[in-house]
Protein chains: 4
Amino acid sequence: MEFDSNRPIYLQIADGICEQILQGKFKPGERIPSVREWAANIGVNPNTVARSYETLSDRGIIFNTRGIGFSVASDALDAILEEERRKFTEEELPAILRKAELLGLNLKELF
Amino acid sequence: MEFDSNRPIYLQIADGICEQILQGKFKPGERIPSVREWAANIGVNPNTVARSYETLSDRGIIFNTRGIGFSVASDALDAILEEERRKFTEEELPAILRKAELLGLNLKELF
Amino acid sequence: MEFDSNRPIYLQIADGICEQILQGKFKPGERIPSVREWAANIGVNPNTVARSYETLSDRGIIFNTRGIGFSVASDALDAILEEERRKFTEEELPAILRKAELLGLNLKELF
Amino acid sequence: MEFDSNRPIYLQIADGICEQILQGKFKPGERIPSVREWAANIGVNPNTVARSYETLSDRGIIFNTRGIGFSVASDALDAILEEERRKFTEEELPAILRKAELLGLNLKELF
DNA sequence: GTGGTCTAGACCACC
DNA sequence: GTGGTCTAGACCACA
């Protein structure tokens with residue numbers, strides 16, 4: 001697996017998990033691979049994957065069962081989409097609109 | 001001045017200067033404030049501003065005259081616009097459109 | 001059965017058994033369910049329940065008879081109450097009162 | 001500095017910082033010691049202190065200025081008290097009341 | 001087996 | 001100088 005060096009690996013791993021959830025490869029309620037397994041799989045240090053899982057857990061997308069491992073939360077899909085929509089409408093879209101105006105580009109023409 | 005902690009301050013400062021050039025506050029051929037002056041103005045370490053000026057200089061937007069300071073290049077506006085328009089239409093806009101579709105958001109409604 | 005992830009499950013199970021003894025659901029001298037049975041009942045690994053029983057056994061609340069299983073000790077109620085009351089009045093209550101004062105909360109109002 | 005082995009060191013460090021803020025030793029807006037400095041001071045690995053600072057940052061109690069270090073948030077005191085009050089009234093107090101009832105203790109007498 | 005914590009030490013971007 | 005990230009490897013509690 002390859003990573004973009006401009007973004008922390010642990011976040012890119014988390015992104016990847018989210019994507020797999022959105023694509024239905026990891027389903028709500030199901031276990032995801034263990035930290036060690038996934039780390040070996042993608043060739044990074046287990047601590048790095050642990051950090052990815054921890055952030056996903058904080059965001060309510062996966063949860064940990066002691067001694068068992070991490071599983072996809074039942075509302076993971078909603079949580080992810082909700083997160084993304086918020087970021088999009090509150091941050092990315094306004095930024096793009098502002099920039100288009102600054103550059104004198106007419107967005108409607110570009111569609 | 002406030003900064004987004006997700007992006008290096010020196011780049012945000014450079015962005016700000018580009019914006020002021022686009023808005024006509026700094027005109028081609030004119031000097032811009034000294035590193036020290038600008039740093040004091042926005043409450044930042046002079047090294048940071050120096051780095052901003054350096055990157056702008058690398059991009060041909062400003063230039064340095066020994067003993068004088070930095071001035072706006074004669075073709076600064078074109079340089080900025082060309083650079084930004086390319087990035088915008090080739091990278092940012094397609095990415096945004098793809099994402100909007102992925103999230104099931106209707107862009108036209110959001111305008 | 002649901003568990004608080006901040007406290008080991010085996011201790012939470014032990015707490016539950018103590019409670020049932022205090023409530024009279026498990027009476028002194030009577031057998032309690034086997035490790036396997038109880039584990040299946042609450043959906044937990046038998047090892048975990050075994051550990052719960054072990055700690056209760058150490059505290060003199062239940063005892064093991066070879067070939068029979070675990071039973072509630074004759075003085076289990078006293079043992080539990082004595083243990084808990086001491087911990088409560090000497091440790092927990094003073095801590096709570098101290099904290100309430102520190103936070104500027106009036107306990108009497110909160111009842 | 002000594003630590004209770006039943007609680008992660010990084011959380012105990014965070015607790016200590018909160019206490020110092022409550023006591024006015026670290027004031028809102030002021031810098032707190034750097035990660036490395038504090039780590040050397042209390043004799044733990046810098047990574048451990050970094051984790052403490054990170055959790056405090058997530059909780060809005062301190063904030064990071066790039067290249068400068070961490071400082072106490074302006075509303076740190078409120079944030080801490082708010083956190084503690086919530087934990088107290090929603091978790092600790094109900095637990096204590098429930099336990100008192102189970103033990104047959106009359107709380108009002110104990111005051 | 002699982003994840004959680006901690007250490008040691010490295011490299012990096014940024015100020 | 002600062003913190004952020006990553007690796008390597010250890011030990012532990014828990015299931």
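Within every chain, numbering begins at 1; the chains are lettered A, B, ... in the order of the sequence lines, protein sequences first and strands thereafter.
- Salt bridge status for B/Lys87 with B/Glu91: absent, with no side-chain N to carboxylate O gap under 4.0 Å.
- Taking the side-chain contact (heavy atoms from CB on, under 4.5 Å) definition, one finds that C/Arg36 meets it with C/Ser34, sequence neighbours left out.
- Contacts between residues 32-55 of chain C and DNA chain E, counted as heavy-atom distances below 4.0 Å, involve no residue at all.
- Between B/Cys18 and B/Glu83, every side-chain heavy-atom pair lies at or beyond the 4.5 Å cut-off.
- Take the nearest nucleotide of DNA chain E for A/Arg31 and for D/Pro8: the residue whose nucleotide is more 5' is A/Arg31.
- Between the side chain of A/Lys27 and the backbone N or O of A/Gly24, at least one donor-acceptor pair lies under 3.5 Å.
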Problem set entry | Verdict with supporting geometry, B/Trp38 and B/Ile13, side-chain contact (heavy atoms from CB on, under 4.5 Å) | CA-CA 10 Å; B/Trp38 198 239; B/Ile13 293 170; 3.9 Å; yes

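- A salt bridge between C/Glu90 and C/Arg85 is absent, with no side-chain N of the basic residue lying under 4.0 Å from a carboxylate O of the acidic one.
- Helical stems in DNA chain E, defined as runs of 3 or more consecutive Watson-Crick or G-U wobble pairs with donor-acceptor distances under 3.5 Å: E:1-14 with F:1-14.
- Note that CD of A/Glu92 is 12.0 Å distant from CG of A/Leu97, once rounded to the nearest 0.5 Å.
- Closest-nucleotide positions on DNA chain F for D/Phe70 and A/Ile9 were compared, and the one nearer the 5' end corresponds to D/Phe70.
- First and last contacting nucleotides of DNA chain F toward chain A (any atom under 4.0 angstrom from a heavy atom, 5' to 3' order): F/dT5 to F/dA15.
- Partners of C/Glu37 under the side chain to side chain donor-acceptor pair (under 3.5 Å) rule, at least two apart in sequence or in another chain, do not exist in this structure.
- Scanning for side-chain contact (heavy atoms from CB on, under 4.5 Å) contacts around C/Arg51 gives C/Tyr10, C/Glu54, with sequence neighbours left out.
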Exercise. Salt bridge (Lys or Arg N to Asp or Glu O under 4.0 Å) between B/Glu19 and A/Arg98: does it pass, once the steps are laid out?
Worked result: CA-CA 11 Å; B/Glu19 237 177 80; A/Arg98 185 164 165 288; 2.8 Å; yes

